[in-house]
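Below is one structure, written out as structure tokens; comments come after it.
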Amino acid sequence: MVRFKASGKKQQKKGIDFKKIKRKLGRKLPPPKNATNTEIKSQAIILPEQSVGAEKSGLATSKKGLTLHELLRQTSHHNAKVRKNALHGIKDIFQHNPAELQSHKYAILEKLKERLSDDDKSVRDTFYLLFDSKIFPSCVEDNQGPMVSLLMPYIFKAMAESSVDVRLMAFKFFHLVVKHYPPTFSLYADKILENYKDIIQKNHFYVQDKSKLNVALSGLAHCLSLLPCDESDTESQNKGPLENETLLAYEQDATKESARFAHVSGRLKEIAGVLINCFHDFIPLIHTPGGFDEKSFSCLHHLLCSIGYSIKFSIRMHVQRQTMWLPASEDDTLMLLDQEIAPLISKKLLGSFPLNPENNLSGKVDERYFILNSVLAEIFLEVSDWSHLHTDLCNRFLVFVENTLLDKISRSNGQRKTIPKPIHEKTLLALLPSVPKLILRMDSDWRENLLQAFTITFNDCKPESPLTLACISVVKNVIIPNGDILDLSASDPTVKNYQSAWVNKLPSLLNQLGDKHPLSSQAVLKLLLDLGRVGCLNAAPTFEEDIIKFFNPCRQGEGDVSGGAFARLPREAQDLALSFLYYFTIKNFSSPLLESLVSCCLYPQLEPDVLYRIVEVVHSAYRAGYIQITDHFSFLITLLARFKVVPEKGQIAMECNEQETCRGTLKALTDLVCSRLSDMGDGSLVLQILEKVLLEQINLKPALDNGCAILRIICTLDSKPTSLSESSIATLSGFLPGYLIDIVKCIPEDKEDPHLYIQTCLYYLVPCYFLFERSSKLTEEVLKRMQSIVSENTNALESGQDRESDRKSLDLIQCIVSVVLLMHNDVKVRKIISSSKPEIDLILQYVISLQSSGSTSLTVEGKHMMKIAGERLKIASKSLLA
């Protein structure tokens with residue numbers, strides 16, 4: 001239909017009084033015509049400091065230009081991608097500005113801790129990586145206790161989340177915390193173990209995804225490894241009284257540590273039961289023809305390790321209860337191993353040994369089965385003390401232990417399989433501590449098998465291998481368990497043969513170790529010392545040869561001042577070696593051994609205290625009757641006669657600094673030798689025995705310091721009047737003039753400090769003074785020889801020689817004058833030499849004659865020297881007359 005419009009009517013025009021203006025909405029009214037303009041116009045002031053970029057200057061920013069404060073705000077953003085990027089930005093800031101973390105550490109933790117329970121997996125993973133790579137490594141040197149206290153409430157909160165993935169991240173993050181701060185586990189052990197038990201027991205996610213189970217089990221295994229379940233913690237109980245005294249502080253700490261974990265014993269019993277049941281669920285997978293993959297192997301390995309740690313700690317607590325380490329009130333809270341754990345372990349755990357696939361698999365899978373079987377063997381060796389196991393089961397484990405020692409591991413089809421060396425060594429290190437227990441407890445058949453297998457392992461292990469220390473410990477625990485000798489040879493003679501073979505190997509092992517493996521060398525020396533104390537050093541002929549090489553590998557005359565490995569070992573190892581040496585000399589002392597000790601003592605790099613200790617040990621062995629008196633005398637005299645004050649040949653001791661010489665060492669050694677000789681009996685009798693030897697050394701014209709040492713021995717043993725023979729007096733009268741001249745030659749006169757010069761000379765002069773006091777004939781002969789030397793050199797100067805010879809003659813006369821003056825300066829010696837005034841006057845006459853000599857060989861300087869010497873000598877001669 002067509003719609004018709006109504007016809008409009010025309011409006012009639014009316015009169016308008018005011019015109020109405022229609023305005024659009026939103027427009028302002030125009031100002032009135034009479035309005036005053038109040039607008040102020042001015043130029044804008046631009047301040048650069050007010051820009052956003054300027055606000056961030058001096059602050060650390062990420063790659064996107066965000067500050068740490070802005071990034072921390074974004075970690076709470078509703079968008080997961082923003083939260084993740086914020087964590088990446090924080091990591092970037094820490095990487096380029098490590099100081100930011102130290103400055104705002106607690107504020108950062110306070111803000112980031114909530115991300116542990118984030119509902120987005122990528123955010124949780126980024127949060128974990130941030131702490132793993134940046135935050136925890138940067139806080140290693142800090143006190144991490146407050147940090148952990150701040151994080152733990154949120155970790156426990158995440159462990160209680162309904163989401164399995166969030167809970168697993170909580171356990172994974174706690175594992176990270178424990179890695180960087182191990183005491184965390186002991187502080188929260190009970191609650192942590194409860195959460196671990198809950199997630200393993202109530203969530204069967206591991207049936208579908210082994211990686212999730214591995215996250216929980218790896219952290220649990222690491223935490224349980226921190227339990228004080230190692231037998232070395234209680235080893236100090238078996239030591240002697242002296243060793244216990246030094247380890248008292250350590251024992252107290254170990255006791256406190258064990259007491260701190262005592263309350264978790266019940267929880268560990270529950271954990272062990274859950275883990276054994278979990279392991280039992282894996283049995284069908286273990287025996288499948290295809291074997292298991294890497295994830296399943298990791299789960300099984302962590303399972304068995306966790307069970308082993310739990311059992312070890314439980315046994316430790318059981319032992320401590322028996323030894324009354326813990327208060328009696330806690331006795332009831334300890335778990336009873338035999339009644340509750342033994343059935344589970346024997347049936348569900350150990351009963352499945354050995355773990356083998358149904359068909360022959362690749363080498364990699366065989367290695368995995370070997371590792372799992374080795375952990376089961378460790379558990380067996382732990383529980384065999386208190387849990388009665390079936391004989392057939394015990395034999396299966398013993399076969400595995402024997403084959404492992406012999407490195408004869410077989411595949412499931414019976415073929416021999418060589419296990420990689422690192423895996424084999426690690427297994428041996430775990431099994432060897434239990435070998436002594438098996439040897440001492442097994443019947444004769446199994447005992448001989450294990451003895452033979454261990455002997456092969458001991459002989460095959462390399463010196464640098466960690467197996468060396470483990471084998472040494474086995475030898476000690478078999479021969480001298482609990483510090484007391486246990487003689488099994490009475491009931492089983494074959495044991496003695498194996499023990500002798502082990503003991504005879506120790507010295508050669510000591511030489512193989514040298515100074516490159518000090519800890520192993522120290523362990524061998526400690527074992528040798530313990531064997532010596534209980535009289536088990538029935539050494540073979542090669543035993544002594546190896547000990548001699550240990551102190552000095554060179555033969556006499558072939559560079560025999562080498563200290564061997566002994567001289568380069570740490571001081572503690574050297575003390576053990578010398579203590580062992582005392583017991584070794586009881587039945588095995590010989591001259592070659594003494595010679596090696598002398599050569600070792602002469603080693604320049606040997607510490608003085610060690611040198612003195614060697615002398616004391618040898619002297620103690622002599623007093624105990626193990627060394628003949630002539631051998632002991634030979635040792636002491638040879639030591640002083642061959643000791644080198646200056647290492648370099650041709651150098652004079654006084655030309656070197658005191659730090660560059662061993663003069664102080666020789667002085668102390670001389671005093672020590674003189675003291676020990678005095679203790680050996682009447683001095684005159686000792687001197688009568690040593691007189692010939694000492695004078696033979698004098699005839700060899702030793703160096704100044706060595707000659708002084710020999711003279712001091714003579715003075716120590718001699719009496720007044722002298723007991724020396726006529727021939728000895730003649731020998732000394734021929735030696736002392738040259739010795740006195742060497743004193744003046746080698747000790748330069750110090751004009752700035754004449755007192756120091758006189759004191760230095762007196763050390764070397766005093767032995768001569770004692771000899772002069774005890775023998776007037778010796779005094780007279782020495783002065784006559786010096787007068788004769790002056791006479792010969794005066795005639796040589798007057799006859800005319802070459803310039804070098806004249807210089808030497810002049811210096812020699814000058815030295816003799818200085819010697820006489822030094823003797824004159826001592827009041828007691830002045831009286832002694834008064835009887836030989838004619839010889840001194842003759843020396844004076846020769847000096848005066850040289851002053852007036854017309855010989856052209858004397859220079860003006862030489863005549864001036866003689867003039868000064870003559871004047872000083874004339875004054876001294878007049879005082880002798882008075």
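In this text the structure is predicted, and so the values were computed from the model without any measurement. By convention here, the first residue in the shown sequence is residue 1.
- Annotation for P518 and L569: closest pair CA-CD2, 4.4 Å, computed over non-hydrogen atoms.
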What side-chain donor-acceptor pairs closer than 3.5 Å can you find for residues 615-625, not counting sequence neighbours?
{"unit_1": "E616", "atom_1": "OE1", "unit_2": "R676", "atom_2": "NE", "d": "3.2"}
{"unit_1": "E616", "atom_1": "OE1", "unit_2": "R676", "atom_2": "NH2", "d": "3.3"}
{"unit_1": "E616", "atom_1": "OE2", "unit_2": "R676", "atom_2": "NH2", "d": "2.7"}
{"unit_1": "H619", "atom_1": "ND1", "unit_2": "H632", "atom_2": "NE2", "d": "2.9"}
{"unit_1": "S620", "atom_1": "OG", "unit_2": "E616", "atom_2": "O", "d": "2.9"}

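- Shortest non-hydrogen contact noted between L711 and C768 is CD1-SG, 4.4 Å.
- Both cation-pi conditions hold for R712 and Y763: the charged atom is under 6.0 angstrom from the six-membered ring centre and inside a 45 degree cone around its axis.
- The closest side-chain heavy-atom distance from Y769 to L762 is below 4.5 Å.
- Contact between R774 and C715 at its shortest, heavy atoms only, is NH1-O, 2.9 Å.
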Pair S521-D515, side chain to side chain donor-acceptor pair (under 3.5 Å): steps then yes or no: CA-CA 8 Å; S521 298; D515 59 333; over 6 Å; no
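- A side chain to side chain contact (heavy atoms under 4.5 Å, CB included) with L405 is found for one member of T427, I456, L428, N449 and no other, namely L428.
- You'll find the side chain of E402 stays beyond 4.5 Å of the side chain of Q452, heavy atoms only.
- Formation of a donor-acceptor pair under 3.5 Å by the R447 side chain with backbone atoms of M442 is found in this model.
- Taking the side chain as every heavy atom from C-beta outward, L666 and C662 never approach each other to under 4.5 Å.
- Side chains of F770 and T722 form no contact here, defined as non-hydrogen atoms less than 4.5 Å apart.
- In this structure, CE on M786 lies 11.5 Å from OG on S733, to the nearest 0.5 angstrom.
- Within a 6.0 Å sphere centred on NZ of K701, other residues, nucleotides and ligands contribute more than 12 heavy atoms.
- When every heavy atom of L694 is checked against every heavy atom of I710, the shortest pair comes out as O-CG2, 3.9 Å.
- Salt bridge annotation for E773-K720: present, with a cationic side-chain nitrogen under 4.0 angstrom from a carboxylate oxygen.
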Working for salt bridge (charged side-chain N to carboxylate O under 4.0 Å, His left out), residues K516 and E464: CA-CA 9 Å; K516 297 180 181 179; E464 65 276 6; over 6 Å; no
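- Shown here is E696, whose CD atom has more than 12 heavy atoms of other residues, nucleotides or ligands within 6.0 Å.
- Centroid-to-centroid, the aromatic rings of Y498 and F454 stay 6.0 Å apart or farther.
- Ion pairing between R571 and D575 holds under the 4.0 Å rule for side-chain N and carboxylate O.
- Between F550 and F566, the angle of the ring planes goes over 60°, which puts this pair in the perpendicular group of the 30/60° scheme.
- A salt bridge links D530 to K526: one of the charged nitrogens lies within less than 4.0 Å of a carboxylate oxygen.
- Residue S579 comes nearest to Y583 through the heavy atom pair O-CD1, 3.3 Å, listed as atom of the first residue, atom of the second, then distance.
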Chi angles and distances behind the side chain to side chain donor-acceptor pair (under 3.5 Å) call for S596, S599: CA-CA 5 Å; S596 70; S599 298; over 6 Å; no
CA sep, side-chain torsions, deciding dist, call: L440, N477, side-chain contact (heavy atoms from CB on, under 4.5 Å): CA-CA 10 Å; L440 298 176; N477 291 328; over 6 Å; no
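- Across all their heavy atoms, N504 and P507 have their closest contact at O-CD, 3.5 Å.
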